[in-house]
Each structure stands twice: as structure tokens, then as C-alpha cells.
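Every number for a ligand or one of its atoms is a count from 1 in the order of the listing. These numbers come from the heavy atoms of this one structure, side chains and all, not from hydrogens, waters or symmetry mates. Small disclaimer: the values here were computed from a predicted structure and weren't measured.
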Amino acid sequence: MKIVKSSAEMKNLSLTYQTSGRTVSLVPTMGALHKGHLSLLKLARENSDISVMSIFVNPTQFGPNEDFQKYPRVFQQDCDLAEDAGCDIIFAPSVEDMYPPHYSTYVSVEKITECLCGISRPNLFRGAATVVLKLLNIVNPQIAVFGQKDAQQLLVIRRMVRDLNLSVKIESAPIFREESGLALSSRNSYLTIAEKKDAPLIYKSLKKAELLYNQGERGAAIINQAIAEELGQSSLLKPEYINVVDPVELKPVDILQSTVLIAIACWTLESGTRLIDNIVLGGSL
Ligand code: AMP
């Protein structure tokens with residue numbers, strides 16, 4: 001496995017592969033890799049000759065009071081995990097390489113970034129779309145893989161790719177969970193023991209919603225209420241939002257007629273960790 005730290009070198013390397021007829025895939029991550037990330041890598045490897053995993057804690061997608069400084073950085077461990085999983089290249093640029101002095105260009109995907117996570121994290125999608133476009137331009141992959149764990153981000157990236165006529169194919173991978181149902185996340189390492197015990201309630205509440213849906217319930221208010229009740233069983237979880245939305249405009253629906261995304265963001269009250277999770281009913285993203 002090669003470790004590349006310069007964007008110029010990454011660009012050249014990718015060009016070399018492609019001129020020799022090999023396809024390249026990209027899995028963008030912020031590191032602190034877990035099995036969810038590795039499942040994306042597996043999909044990337046199955047669909048390309050050369051897999052590139054980027055590891056970059058992107059400062060522009062964090063707000064001033066968010067966890068950019070304390071975000072877990074375990075580069076050597078990440079390299080070992082990626083190599084064991086068959087990754088061909090780790091691309092880990094520096095902040096200075098990605099954002100040189102006088103950096104001034106950002107991608108702003110409108111509307112679908114203004115709801116759900118975009119409300120409490122107004123920089124998130126502008127930063128994420130910008131860094132993903134930069135990574136796509138540097139690595140120039142035929143496919144890029146994103147997790148449904150960050151469903152809104154996946155939809156924002158797909159929208160950007162469509163709107164800006166990019167050639168890359170966006171693949172999505174299902175949410176990888178612990179046995180408890182808790183979605184794997186690099187931020188789970190912040191959780192206290194008690195929070196870790198309660199956090200699976202988030203998925204349990206989504207499964208409750210799915211059960212109601214399968215029993216024929218179509219009222220969003222009732223489904224919302226059931227989720228809130230389930231989460232209310234823990235004094236350590238405080239929902240930021242529980243939303244039943246359509247997957248195109250991300251607008252709340254009253255009646256679950258066609259495909260819906262049920263998305264949850266929850267704060268934990270001991271460590272102040274923000275957890276997100278979701279489920280798609282009546283179709284797929
Ligand atoms: P992150 O390192 O958190 O920025 O995530 C990098 C990529 O991994 C994103 O496309 C995420 O959606 C995806 N990802 C994170 N957690 C999971 C998970 N539990 N299951 C599947 N994909 C995930």
C-alpha cells in the first residue's frame with residue numbers, strides 16, 4: 001500500500017494508472033477508521049482496479065465550537081487497517097496542501113443543505129462538498145463510495161455531481177452497525193460507558209418506526225411520536241431533530257406515500273457527543 005501525502009503526487013499517480021487502462025475508486029474519510037469505512041473500501045475494491053482511501057480531517061466542514069481539534073487522529077492505526085483490508089493507496093494531504101494561503105473557492109449546494117444537519121451545522125455541507133470536489137479533482141476516480149450513515153451528505157454529493165456535470169459515479173454503502181444496533185462512527189469513541197449503553201436506543205427507535213410502517217401506519221406524526229417515546233427512555237439522549245422527509249428535497253412529509261428518509265440527530269448529555277442515524281422506508285436512496 002502506498003501512502004501519498006501530496007496532492008500533486010496523487011494527481012500524477014492517478015493519471016499514470018488511468019493511462020495504463022486501470023480504473024480508480026475513491027473512499028473519502030476523516031480517518032479513525034472502523035468497519036463501516038472498511039465496508040466502503042470493500043465496495044470500492046470490487047468496482048475498480050486501484051482503490052484510494054483519503055484520510056483528511058477537513059477543517060472547513062467544522063464550525064467554530066465543534067470538535068475539529070479533538071477529532072480522533074490515529075494515522076498509523078488507520079494505515080494498518082486499510083492495508084489489511086487491501087487498500088492500494090492512502091491519500092493523506094496536509095491542511096496547507098488542500099487549503100493554501102488565500103484559498104477562496106467553495107461549493108455551495110443550496111436548499112437540501114438548509115435542513116436536518118444543516119440547521120445546527122451551517123458550515124458542514126459547504127465544507128464537505130468543497131473538499132469532496134477537490135478530492136475528486138485530485139484523484140479523478142471513476143467511482144467514489146459514500147455511506148448511507150451520512151444520508152444527507154450522500155444526497156448533497158450526488159446533487160453536486162449531477163448539477164456540476166461531474167463524470168464520477170457515486171456508490172452508496174449501507175450503514176454498518178454494532179451488534180447492539182449502534183451505527184459505527186468515529187465519534188462513538190467520545191461516548192461514556194453509560195451513553196454507550198443507551199445509544200442503541202436510536203436504532204431501536206428507527207426499527208420501531210419501520211415496524212409501524214410495516215403494520216400499515218403512514219402518518220408521519222405518529223411515527224415521529226413513536227421515535228420520540230423510544231428515545232425518551234434514556235435520560236442521556238436529547239434529540240436535536242427527528243424528521244421524516246422525502247429523499248429529493250428533504251422536506252418533511254405528513255403521509256408516508258413513497259420513499260422516505262427518517263433521520264435522527266441526538267446529543268448525548270454526559271460527553272456532549274452528536275450522533276446521527278437514519279432509515280429509509282418504501283425504497284432506497
Ligand atoms: P467520516 O470518516 O465519518 O467522514 O466517514 C467517511 C465515510 O464513511 C462517509 O461516506 C460515511 O458515510 C461513511 N461511514 C461512516 N460511518 C459508517 C457506517 N457506520 N456505515 C457505513 N458507512 C459509514
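For atom 6 (C) of ligand 1, the closest non-hydrogen atom of the protein is Pro28 O, 3.3 Å. Given atom 13 (C) of ligand 1, the protein heavy atom at minimum distance is Leu40 CD2, 3.7 Å. The protein atom (non-hydrogen) at minimum distance from atom 4 (O) of ligand 1 is Met30 CG, 3.6 Å. Scanning the protein heavy atoms around atom 12 (O) of ligand 1, the nearest turns out to be Asp150 OD1, 2.6 Å.
The proximity of Val27 to ligand 1, defined as any non-hydrogen pair under 4.0 Å, does not occur for either the backbone or the side chain. Residue contacts with ligand 1, taken as heavy atom pairs separated by less than 4.0 Å, do not involve Ala32 at all.
The pair Lys111-Glu249 does not meet the salt-bridge criterion, since no charged nitrogen lies less than 4.0 angstrom from a carboxylate oxygen. Salt bridge Lys169/Glu171: present, at least one basic N to carboxylate O contact under 4.0 Å.
At least one heavy atom of Pro174 sits less than 4.0 Å from an atom of ligand 1. Heavy-atom separations between Lys35 and ligand 1 are all 4.0 Å or longer.
Leu124 and Val109 fall within the same hydrophobic cluster, defined by Ile, Leu, Val, Met, Phe, Trp and Tyr side-chain heavy atoms under 4.5 Å apart, directly or through other members.
Inclusion of Leu184 in the set of residues having an N or O under 3.5 Å from an N or O of ligand 1 is warranted. Considering backbone and side-chain N/O atoms, Gly147 comes within less than 3.5 Å of an N/O atom of ligand 1. Below 3.5 Å of separation, one finds no N or O of Lys149 facing any N or O of ligand 1.
Counting the atoms of ligand 1 from 1 in the order shown, those under 4.0 Å from a heavy atom of His34 are 15 (C), 16 (N), 17 (C). Residue contact check: Ile175 has heavy atoms under 4.0 Å from atoms 20 (N), 21 (C) of ligand 1.
Between the side chains of Ser48 and Thr23, no donor-acceptor pair of N or O atoms lies under 3.5 Å.
Remark: side-chain polar atoms of Asp78 are not paired, donor with acceptor, to backbone N or O of Gly31 under 3.5 angstrom. Side-chain atoms of Glu217 do not come within 3.5 Å of backbone N or O of Ile223 as any donor-acceptor pair. At least one donor-acceptor pair closer than 3.5 Å links the side chain of Asp97 to the backbone N or O of Ser7. A donor-acceptor pair is defined here as one N or O able to donate and one able to accept, closer than 3.5 Å; no such pair exists between the side chain of Arg218 and the backbone of Asp254.
Here atom 18 (C) of ligand 1 lies nearest to Phe176 when heavy atoms of Phe176, Tyr71, Phe146 are compared. The option from His37, Arg177, Met53 that lies nearest to atom 2 (O) of ligand 1, judged by heavy atoms, is His37.
When hydrophobic side chains of Ile, Leu, Val, Met, Phe, Trp and Tyr are connected at separations under 4.5 Å, Phe62 ends up clustered with Met30, Val57, Phe68, Tyr71, Tyr190.
Within the structure, every pair that satisfies the salt bridge (charged side-chain N to carboxylate O under 4.0 Å, His left out) test and touches residues 172-189, not counting sequence neighbours, is listed here: Asp67-Arg187, Arg177-Asp277, Glu178-Lys196.
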